[in-house]
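Reading through the structure tokens given below for one structure.
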Amino acid sequence: MTSTAQTTASTRRAVFPFTAIVGQEEMKLALLLNVIDPKIGGVMIMGDRGTGKSTTIRALADLLPEIPVVANDPFNSDPSDMDLMSDEVRQQVAEGAEIPIDHRKVQMVDLPLGATEDRVCGTIDIEKALSEGVKAFEPGLLAKANRGILYVDEVNLLDDHLVDVLLDSAASGWNTVEREGISIRHPARFVLVGSGNPEEGELRPQLLDRFGMHAEIRTVKEPALRVQIVEQRGEFDRNPAEYLEQHKTNQEELQQKIVNAQELLPQVNIDYELRVNISEVCSELDVDGLRGDIVTNRAAKAITAFEGRTEVTVDDIRRVITLCLRHRLRKDPLESIDSGYKVEKAFARAFGVELSEDTAQKNGTGVKAGVR
């Protein structure tokens, strides 16, 4: 038993630390905000190959604190939140049964490109259900991802129907499997992270719109920074334990910051006038529906909580609005995804602030939001 525990621990330790990742601030910020408030609706990360997308997401999952779960439950049910319990656990609670509690690391589930719907959603054993009169359910990846992170690499190459299923589960927080008149459902609330390379095909606008935020990442051009990234990776590969020890304090500080932000979030307030200005930006950009308004409000509150404050400022909105809206622009979607310049311009007009020199010069790379 001890050797198994040690093996598991050592496997966990060999994850590159989130706080040591250089650059890609936009992606890191979007991921952190979704962890603070999963109702933001996930992140779509578009960019070049080999820019550390998978590394960053695994690092984030490893950074998060352990969560309480119902022991031996395949759905990672929350022992205290009814919305995050399977029907079976909820029934046990209603009957006053004692619920065994365990603590588990937040799961990061990697969705393979060739996954079938059965593999993702789970399957019902009809023969067993008919012969034994029990709902024999084999849980899928959505069950494993409950209360965790579901990562879909190259989401633009995934079957549209499967993407629909994932987005429906992410939005409703439940997965329902029906077969031959038998229906089973379980909680499936997760942070959905999709990534892809625009060169390999675009996502349909209606699917793109369902992702809360859209982060753009590019290959680092500055030679000194590239050398730093290569050296850090080499250092980590040579001695993971020592490298992790060096970053332990930073990791613990950021972990505590996330926990504090999650607790503070319900107390964060966004002034009515600022909400009107956000909707003005969405209206001027001709954004379909109200999802853009909702996500921008949530993201602004999350970044405020992350910094330990309870009042949203104009600067908080400035740092998140491009991430929340750039993929929702109707006209010339290719241009809007490549640049957040239109969003920045509309923001500057609605909020009565000057367009930053950096944004104006680069014509659309957006304002960088730093995460320390």
Practice problem: Please examine the side chains of R210 and D168, heavy atoms only from C-beta on, and report whether any two atoms are closer than 4.5 Å. | Solution: yes

Exercise. Might you work through the side-chain contact (heavy atoms from CB on, under 4.5 Å) test for V276 and E273, ending with a clear yes or no?
Key: CA-CA 5 Å; V276 171; E273 196 179 321; 5.6 Å; no

Practice problem: Using only heavy-atom distances, determine whether the side chains of T19 and Q251 contain a donor-acceptor pair under 3.5 Å. | Solution: yes

Self-check item: K301 bridged to D37 by N-O distance under 4.0 Å
Solution: no

Quiz item: Side chains of D316 and T304: do they bring a donor and an acceptor to under 3.5 Å?
Solution: yes

Quiz item: Is it the case that D87 and Q91 place a side-chain donor and acceptor less than 3.5 Å from each other?
Solution: no

Practice problem: Determine whether the side chains of Y151 and S195 contain a donor N or O and an acceptor N or O closer than 3.5 Å. | Solution: yes

Quiz item: L142 versus L150: any side-chain heavy-atom pair under 4.5 Å?
Solution: yes

Exercise. For the pair R319 and D315, find out whether any cationic side-chain nitrogen is under 4.0 Å from an anionic carboxylate oxygen.
Key: yes

Quiz item: Can you check whether Y243 reaches Q232 side chain to side chain, under 4.5 Å on heavy atoms?
Solution: yes

Practice problem: Would you kindly say whether D118 and T116 are connected by a side-chain donor-acceptor distance under 3.5 Å? | Solution: no

Self-check item: Salt-bridge criterion met for K28 and E25 (N-O under 4.0 Å)
Solution: yes

Self-check item: Heavy atoms of other groups near R119 CZ, more than 12 under 6.0 Å
Solution: no

Quiz item: Does some side-chain heavy atom of L329 sit less than 4.5 Å from a side-chain heavy atom of D286?
Solution: no

Self-check item: Heavy-atom donor-acceptor pair, Q24 side chain to R218 backbone, under 3.5 Å
Solution: yes

Exercise. Take the angle between the ring planes of F236 and F16 and call it parallel below 30°, perpendicular above 60°, tilted in between.
Key: perpendicular

Quiz item: Quick one: do the R104 and N76 side chains pair a donor with an acceptor below 3.5 Å?
Solution: yes

Quiz prompt | Presence of salt bridge, D62 and R58, under 4.0 angstrom | solution = no

Quiz item: Are any side-chain N or O atoms of Q255 and backbone N or O atoms of L63, one a donor and one an acceptor, separated by less than 3.5 Å?
Solution: yes

